[in-house]
Amino acid sequence: MALLPILCFPDPKLHKVAKPVAAVDGRIQTLISDMFETMYEAKGIGLAATQVDVHERLIVMDVSEGRDTPLVLINPKLLWTSPETHLNEEGCLSVPGIYDGVQRHDRIKVEALDAQGQVRLIETDGLLAVCIQHEMDHLMGKVFVEYLSPLKRNRIKTKMLKAQREARA
């Protein structure tokens, strides 16, 4: 297993739309392991392959308290969303240290392949529903700050670029 570098906003590679995973093979299994290791090390609850500069439709997540319920979604499809929405405080490993409110559907139904390539149907709400919607946005090339006002988004962009410059200095 290996830690993967996480792209940081406003990196343009975060805006690439991910392609479907063609086969759940050894390469994908290794990527899944590396993504979990990276996510856990970064203290995240979800990570999309786009965030580690792999532009394929793969998400890993674990929203459990004990960090012991890993979930893999390969080629996820959103089948249904509830009409009810809720404002949720979100953060992102690609936008470290920034948290803000994003409107998300309360309940969702998703179909995806699991780590073994088996079809799974997931109906969920709460934090898992929010996390799935957030990570699926990454697969479509969208970062949560894009839901914010242009003013907030530009302030965050300026702050992130400054932090990246300081880290390189």
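Model, not experiment: these values are computed from the prediction.
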Please evaluate residues Arg104 and Asp137 with respect to the criterion salt bridge (charged side-chain N to carboxylate O under 4.0 Å, His left out), reporting the C-alpha separation (whole Å), side-chain torsions for both, the decisive distance (0.1 Å), and the verdict. CA-CA 11 Å; Arg104 299 282 186 190; Asp137 275 354; 2.8 Å; yes
Passes salt bridge (charged side-chain N to carboxylate O under 4.0 Å, His left out), Arg153 versus Glu146? Steps please. CA-CA 7 Å; Arg153 194 169 45 249; Glu146 291 171 53; over 6 Å; no
Could you walk me through whether Arg120 and Asp114 pass salt bridge (charged side-chain N to carboxylate O under 4.0 Å, His left out), step by step? CA-CA 6 Å; Arg120 287 195 57 182; Asp114 65 15; 5.1 Å; no
Could you please spell out the steps behind the side-chain contact (heavy atoms from CB on, under 4.5 Å) verdict for Leu148 and Ile156? CA-CA 10 Å; Leu148 308 177; Ile156 291 167; 3.7 Å; yes
Check the pair Glu135, Arg57 against salt bridge (charged side-chain N to carboxylate O under 4.0 Å, His left out), reporting the backbone distance first and the verdict last. CA-CA 10 Å; Glu135 299 307 333; Arg57 295 185 59 77; over 6 Å; no
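Asp34 places a side-chain N or O within 3.5 Å of a backbone atom of Ala2 that can act as its donor or acceptor partner.
Other residues, nucleotides and ligands place no more than 12 heavy atoms under 6.0 Å from the CZ atom of Arg155. No more than 12 heavy atoms of other residues, nucleotides or ligands lie within 6.0 Å of NE2 in His86, so this atom counts as exposed by the packing criterion.
A donor-acceptor pair shorter than 3.5 Å cannot be found between the side chains of Asp100 and Tyr147.
Between Ile6 and Ala42, the closest heavy-atom pair is CD1-CB, 4.1 Å. Of all heavy-atom pairs spanning Gln164 and Phe9, the tightest one is NE2-O, 3.0 Å.
With a 4.5 Å cut-off on side-chain heavy atoms, Leu3 and Glu37 count as touching.
No continuous path of ILVMFWY side-chain contacts below 4.5 Å connects Leu7 to Met35, so the two sit in separate hydrophobic clusters. Clustering ILVMFWY residues whenever any of their side-chain heavy atoms sit less than 4.5 angstrom apart, transitively, puts Val72 in a cluster other than the one holding Ile122.
Contact check on Arg107 versus Glu84 returns a salt bridge, with a Lys/Arg side-chain nitrogen under 4.0 Å from an Asp/Glu carboxylate oxygen.
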